[in-house]
2 protein chains.
Amino acid sequence: MTVSQRANRPRIHIKATPAWSPKQGEEAGHLMLSPSEQAELGRLAEIVEYRTAKSEILAQGEPANFLYLLVDGVVQACHALKDGQRQIVAFYWPGDLFGLAEQGVYVNTAEAVTPCAVYRFPFRRLEQFLLENPKVQQGFFVKAIHDIRSAQRRTIAMGQLDLPRRLAAFLVDCSGHGRYFDRENAMLSLPMSRYDIADYLGASAESVTRAFALLEKNGLLLRWGPRKLEIKTERMMAFSGTD
Amino acid sequence: MTVSQRANRPRIHIKATPAWSPKQGEEAGHLMLSPSEQAELGRLAEIVEYRTAKSEILAQGEPANFLYLLVDGVVQACHALKDGQRQIVAFYWPGDLFGLAEQGVYVNTAEAVTPCAVYRFPFRRLEQFLLENPKVQQGFFVKAIHDIRSAQRRTIAMGQLDLPRRLAAFLVDCSGHGRYFDRENAMLSLPMSRYDIADYLGASAESVTRAFALLEKNGLLLRWGPRKLEIKTERMMAFSGTD
DNA sequence: CGGATACTTGAAAAGTCTCAATCCGCGTGG
DNA sequence: CCACGCGGATTGAGACTTTTCAAGTATCCG
């Protein structure tokens, strides 16, 4: 882990679909921040880089002092149960916020799936800043609502879809993140392992493999390697129930 | 459904556990609103009452013009899939907000489980009000974060817990809502049917019944009637994995 | 190139679903 | 007030999905 103070910082991009129709001038799928808001927000934060996969960024049960904005890479939020089982609650992609806390304590562990870079905001100062910048706070609010929707979609998938369909929905999801999906050849580079996918889908790794085999048999994808998949996007979406 | 303009309105109570430790003076588990904020917010809203169970409050796919605050009763959010399956995404209890929208359209259908009363806020005016009242907006933000946590807990339950445990967790949840749980006798009055519970837990109604039978056999509850349950709260929490 | 890890496959066991039949409880009308 | 009827709730049996455990194979990284 490296904390950097480099001058040349990436723009603050927060991904979110609004609850209401986007207003004119808004960049599709991203919150709109004015240059000065960008700058001030950026001043609150440090950039931190995690160079290796599986680096732990924050731990379930620890005091929560920071909110994180993922700039580059993929991060997973894991929740450990008493009996040792773990559920991957979410995968985060660039533009996502993470570091969910309850009563001052992190609810999940966040770890790097790939090497990654994050903005790290001290909670207290961020809270103060948001109070003084209602437009920005509204942006964070919209992002929170966006995340509620994602979480609900996931609940629906877990409750109603069988494993092959859940997997299909997951792959469609992954294909929405440009950095790992080459639209040209419909080639998806999965950053995470079968075990991670299994813990995300609430299934065993073996079942995930079997579900992959099924999707391949039905012509929804081709496995060029365990993590190199050619996706038949239309069929995949139709099958998963994702409209 | 009845829209009322009665002068004597209930207080606006929004239930939420904060992400950070509550500050002194905050009412435990509720957002803190000053009397004037209460009054102004109240002025934005209408009170609407739904006198019969199963009344539809808002419908999936319809244009979203209002955000709802549940004052009294129980409401469920149902999501219908293309193939006709339905998932109950959430049950709402007094103090909960509902009416989740995406791009101006409701994502779920909300219907009354019991007769109920709600505050109904026009989105646009509420949005404006929140921009002008950062403290209140922060409150709504905290509520949204609270709801993200609930949704994540649900994901974990769906992914990791078998049906009896999911049911136990659900019952523990229900027992947290005073109006339907008599702490004196540990007697829970379920407002919803087996089918509703099934669609909430992602299971069949028959399986839910069998799970009830199992919990009873193991001494975690007593069924006085299908919807009258004596809960052994400690054992139930221990079993469900709810700390 | 070798070793460790990740992935895949097979077979038996467990959990849940579906379908069908039955039972209960509550509100209605006689 | 009681009998009836209907929807909700329960129970049983067989089918199907997913898990678990065990073994084998591919892949990646040093």
Side-chain angles (χ1 to χ4, degrees), chain A residues 51-54 76 81 83-88 113-115 157-168 170-171 188-218 221-229 239, chain B residues 52-54 76 81 83-88 113-115 157-168 170-171 188-218 221-229 239-240:
Chain A
R51 300 194 187 289
T52 65
K54 304 199 184 154
Q76 61 189 10
L81 301 188
D83 60 8
Q85 296 182 90
R86 72 165 192 169
Q87 170 75 38
I88 294 185
V113 174
T114 66
M158 303 284 278
Q160 298 298 332
L161 272 39
D162 59 13
L163 184 50
R165 264 171 255 272
R166 292 208 296 279
L167 178 58
F170 172 66
L171 294 174
L188 178 64
S189 309
L190 279 182
M192 68 291 285
S193 75
R194 291 286 181 272
Y195 293 94
D196 292 336
I197 297 174
D199 286 345
Y200 180 76
L201 298 179
S204 69
E206 294 91 332
S207 297
V208 172
T209 290
R210 283 185 252 269
F212 268 115
L214 183 84
L215 295 184
E216 187 165 39
K217 181 160 73 72
N218 293 30
L221 60 77
L222 279 161
R223 283 182 287 182
W224 292 82
R227 299 190 186 193
K228 288 271 172 259
L229 308 173
F239 177 73
Chain B
T52 65
K54 307 204 181 147
Q76 61 189 11
L81 302 188
D83 60 8
Q85 296 181 92
R86 73 164 193 170
Q87 171 75 37
I88 294 185
V113 174
T114 66
M158 303 284 277
Q160 298 298 333
L161 273 38
D162 60 12
L163 184 50
R165 264 171 257 272
R166 292 207 296 280
L167 178 58
F170 172 66
L171 294 174
L188 178 63
S189 309
L190 280 182
M192 69 291 284
S193 76
R194 291 286 181 273
Y195 293 95
D196 292 336
I197 298 174
D199 286 345
Y200 181 76
L201 298 179
S204 69
E206 294 92 331
S207 297
V208 171
T209 290
R210 283 186 250 270
F212 268 114
L214 183 84
L215 295 183
E216 186 164 41
K217 181 161 74 73
N218 293 28
L221 62 76
L222 279 161
R223 285 183 286 182
W224 291 82
R227 301 188 185 193
K228 288 272 172 259
L229 309 172
F239 177 73
S240 72

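Note on naming: letters A, B, ... go to the chains in the order of the sequence lines (proteins, then strands), and numbering restarts at 1 for each one.
A donor N or O paired with an acceptor N or O is found under 3.5 Å between the base of dG10(C) and the side-chain atoms of Arg210(A). If you check distances only, the side chain of Glu206(B) does reach the base of dC19(C) with a donor-acceptor pair under 3.5 Å.
A residue-by-residue look at Leu163(A) and Tyr195(B) shows that Tyr195(B) has its nearest nucleotide of DNA chain D further toward the 5' end. Each of Met192(B) and Gly225(A) lies near DNA chain D, and the nucleotide nearest Met192(B) is the one positioned closer to the 5' end.
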Worked verdict on Phe212(B) versus Leu171(B) for side-chain contact (heavy atoms from CB on, under 4.5 Å): CA-CA 10 Å; Phe212(B) 268 114; Leu171(B) 294 174; 4.0 Å; yes

One pair to check against side-chain contact (heavy atoms from CB on, under 4.5 Å): Arg166(B) and Val208(B). What are the steps and the verdict? CA-CA 10 Å; Arg166(B) 292 207 296 280; Val208(B) 171; over 6 Å; no

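The nearest pair of heavy atoms linking Gln87(B) to Gly202(B) is OE1-CA, 4.2 Å. The shortest heavy-atom contact between Val113(A) and Ala53(A) is O-CB, 3.3 Å.
Taking atom CZ of residue Arg194(B) and atom P of nucleotide dT18(C), one finds them 18 Å apart after rounding to whole Å. One can place NZ of Lys217(A) at 16 Å from C1' of dT8(C), the figure rounded to the nearest angstrom. The interatomic distance linking Trp224(A) (CH2) with dA26(D) (P) rounds to 18 Å, in whole Å. Here the P atom of nucleotide dT16(C) and the CG atom of Asp162(B) are 5 Å apart, to the nearest Å.
Between Arg223(B) and dA9(D), a side-chain N or O to OP1/OP2 separation shorter than 4.0 Å is absent.
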